[in-house]
Amino acid sequence: MNTPSSASPAPALRAEGIVKRFGQVEALSGVAMQVANGEMLGILGDNGAGKSTLLKILTGFHRPDAGQIYVRGEAQNFTSVDHARSFGIECVYQDLALVNSLSIFHNMFLNRELLRPGWPHLLDHNEMRHRAIEALTDIGVNIPSVDVEVGRLSGGQRQAIAVARAVASNARILLLDEPLAAMGAREAGLIIDLIERLKARGDIAIVMIAHNYAQTLALCDHVMLMQHGEVTYKSAAKDTSVVELLEIVRREYQDARRK
Amino acid sequence: MEQKLSTSATPGQGALQNAPFGFLRRLLLRPEGSIVVVAIGLIIYFESTNANFLTNLNLETLSQFVAAPVIIACGEIMLLICREIDLSAGQVYALAPFIMSIGAKAGLPVLVAFGGALVICAAVGLVIGLITVYLKVPSFVTTLGMLFLITGITLTISRGFPADTPGGPVLSSIMGQWGYSEFLWALGVVAVMHVVLRHSRWGLHTIATGGNIIAAAESGIDINRIKIGNFILTSTLAGFCGLIEAFRIGSTDPLAGGSNIMFLGVASGVIGGTAIAGGAGTVIGGLVGGIVLGVLQDGFTLQGINAFAFDIIIGAAILVAMITNIYLAGRRGAGPT
Ligand SMILES: Nc1ncnc2c1ncn2[C@@H]1O[C@H](COP(=O)(O)OP(=O)(O)OP(=O)(O)O)[C@@H](O)[C@H]1O
Ligand SMILES: [Mg+2]
C-alpha cells in the first residue's frame, strides 16, 4: 500500500490544464498542480483567485470544462465526490461541509456512516459515537460532547471537527481549504501538529490553501500563487521567502493596475 | 485538555433544568416531548368535561379521524425535512382508489390492483421529483400544478361518479373496515418511518440535505436522489392512505381527501415539532400532532359547539398548540427553526 515518493515517480495527485467556467466567469483558465506522497503543497492567492474551485475539482465536486487529473500516474475523470473518495481523496472544504442540526458524531461520519451488520443495515450510532470520541481525543480539541449539535459549536471547534473528519477517514490525499482560518492559537497549533504528523508518515499527500504566508512556507514543501484563475508562481518553499512572495503579489497587482 | 469528552448527551440545559420532575423534564427535552404534554392535557380536559370522550365508540371515531392525516404526515415530514413540500398528496389520495377499482373491474385480483395503484402513485411522485429537481421548479409550484392536474384526471376517469371499493369482507376488514385497522396501519407506517428517519442512512441524508444542502453535496450525498425518493415516498403513502380509507368507507368520491387532508397532514407534522425550514423533524411528533388535531376536532364536536364557531376554535387551538410547542422548543435550546 505505502509507496514512498522515491520509489514511485508518479506524483500522488497531478492536474493539467484545468479550466472551469461558471457561466460568464472563468474561475480557472488552465491550472496545473501536483503533489507527491509525503509532501505538502501550499496554495496562496487573492480572494476569488480560484483556489477553492481548483480543490473542488480535485474532490469530484465540480467537473472541469477542460484538463486532466492523474491519481498516482493514472488519468481519472471523477464522476462524483464518492468516486474521488474511492482513491483516498478527502477534503476539508472552506465552508466545512457540516450540518448544524446533526450531532458532532453524525457529522464526522456523514455519508460514510457505520452500519450494523445484518439486514436492514441500520446506523450503528454507538460505534460512530465511540470512534468520533477517539478521533477527537487523538487530536486533543475541546468538545463538550460528541452528541452536541454542530450548530452550537464555535467557529474554531467546527473547523476542528471538519479536519478531524477528513483525517480520521484514512485519506491518502488530503485537501485542506483554509483549515486554520477560524482557529485560536492553541487549536491552530494542534492542527499544525496533526498535519506534521501526517506528513511524517510519508504515505500521504497534502494540499493546503491558506492566506498566512509565513505559516504556509513553514509547513509546506512547495508553494504556488494563484491569481485570476491562473498559477502565477511556483517554487519549493525553501527557495523562496515571505518577502519574495509578497513582492511578486505586489508586482502582479501593479501590473494589473497599469493595464 | 480542560474539558473531557463524554458520551453523555447534554442537549438542553437552561431553563428546563428546574422543572419539578425528572421524568417531565426528560420528556420536554425530546423534540416531540412538548406536544405529548399538550396532547395529554387536551385528553384530560375533554374527558373531564365530557363523559363520552374516552368511550370505545368515540375512541374508534377518533382513531379513524387521526389515521389519514398521520399517514400523510409521515411523507410530508420527510419532505419538510429536506425543504420540500407536496401540496398534491390529497389528490393522489383520491386518485388511488379509482385506479384500484379500474384494475379490479378489468379482472385483476384486488391485491394486484391495489399494488398497481400504489405503483401509479409512486410514478406521480417520481414525476414531481424529476420536475422539481431537474427543472429547478420549487416543489410548492410543481405540486400546486400537480394538484389541479390530478383532480382533473380523477374526475375524468371517474366521470364524476363515486366508485365502490372491490374486495371480499376479510380483505376489507384488514385493510380498513374493522374499527381500528386504519389506525393500526397508521401506527405501522409511523413505526417504519421513525426507524427510517432516525436509524437509516436515508433518514440521516434527508436531514443533511435539508439542513445544509451544499454540505450534503460536498460530502458526496446524492441530494437529487434523496429529494426524488422522498417525493415518491410521500405520493405512495398518500395513495396507500386513500386506498385504506376507501376500504373503510366502502366507496370513494372523486373529490375525497383533497387539500384538506394534505393540510391536516402537514399541520400534524408541524404541530409535532418538524421545522418548516428543514433540517429537523420527528415522525413520532407527527403522530402526536395528528392525535392533537383529532382530539380537538372530536372533543369540540362532542361538546356541541356551534358549527360556525367551530373552525374559529379549531384554528385558534392549532395556533396555541404550535406556539406552545415552538416556545418549549426554544427553551429546549433548539430554537424555533
Ligand atoms: N458555484 C459557483 N458558481 C458561480 N461562480 C462561482 C462558483 N464558485 C466560485 N465561483 C466564482 O469563481 C471564482 C473563484 O472562486 P473561488 O471560491 O475558487 O475563489 P478562492 O480563491 O477560493 O477565494 P477565497 O480566498 O475568497 O476563498 C470567483 O469569481 C467566484 O465568484
Ligand atoms: Mg476559497
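Order of the sequence lines sets the chain letters (A, B, ...), proteins ahead of strands, with each chain counted from 1. Just so it is clear, the values below take in all heavy atoms, side chains as well, and ignore hydrogens, waters and symmetry mates.
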Can Lys20(A) be said to sit on top of Phe22(A)'s aromatic six-ring, NZ or CZ under 6.0 Å from centre and within 45° of the ring axis?
yes
Quick one: which of Cys91(A), Ser80(A), Ala97(A) has the most heavy-atom pairs under 4.5 Å with chain B, could you say?
Ala97(A)
Comparing Asn107(A), Asp124(A), Asp82(A) against chain B, the one with the most heavy-atom pairs below 4.5 Å turns out to be Asp82(A)
Shortest non-hydrogen contact between Met108(A) and Ala135(A), atoms and distance
CE-CB, 4.0 Å
Per-residue contact mode, His205(B) against chain A (heavy atom under 4.5 angstrom):
side chain
Knowing that exactly one of Thr142(B), Val127(B), Val141(B) qualifies, which makes a side-chain contact (heavy atoms from CB on, under 4.5 Å) with Thr132(B)?
Thr142(B)
Return the option, out of Gly211(B), Gly279(B), Ser219(B), with the maximum number of heavy-atom pairs under 4.5 Å with chain A.
Ser219(B)
Would you tell me whether His106(A) and Ser103(A) have side-chain atoms, one donor and one acceptor, within less than 3.5 Å of each other?
yes
Leading residue by heavy atom contact count with chain B [cutoff under 4.5 Å; candidates Arg112(A), Arg85(A), Glu90(A), Glu113(A)]
Glu113(A)
Check: Arg152(A)/Asn100(A) side-chain N/O donor and acceptor closer than 3.5 Å
no
Sorted by chain and number, sequence neighbours left out, side chain to side chain contact (heavy atoms under 4.5 Å, CB included) with Ala89(B) holds for Ile72(B), Glu76(B), Asp86(B), Ala238(B), Met262(B)
Identify which of Leu102(A), Leu115(A), Asn126(A) forms the greatest number of heavy-atom pairs closer than 4.5 Å to chain B.
Leu102(A)
Heavy-atom contact with chain B under 4.5 Å, split by part of His125(A):
side chain
Shortest non-hydrogen separation from Val71(A) to Gln76(A) and the atoms involved:
CG2-CG, 3.8 Å
Smallest separation among heavy atoms of Ala182(A) and Gln159(A), with atom names:
N-OE1, 2.7 Å
Expected contact set for residues 45-65 of chain A against chain B at heavy-atom separation under 4.5 Å reads Lys56(A), Phe61(A)
Give the minimum heavy-atom separation between Leu153(A) and Pro144(A), together with the two atoms involved.
CD2-CD, 4.3 Å
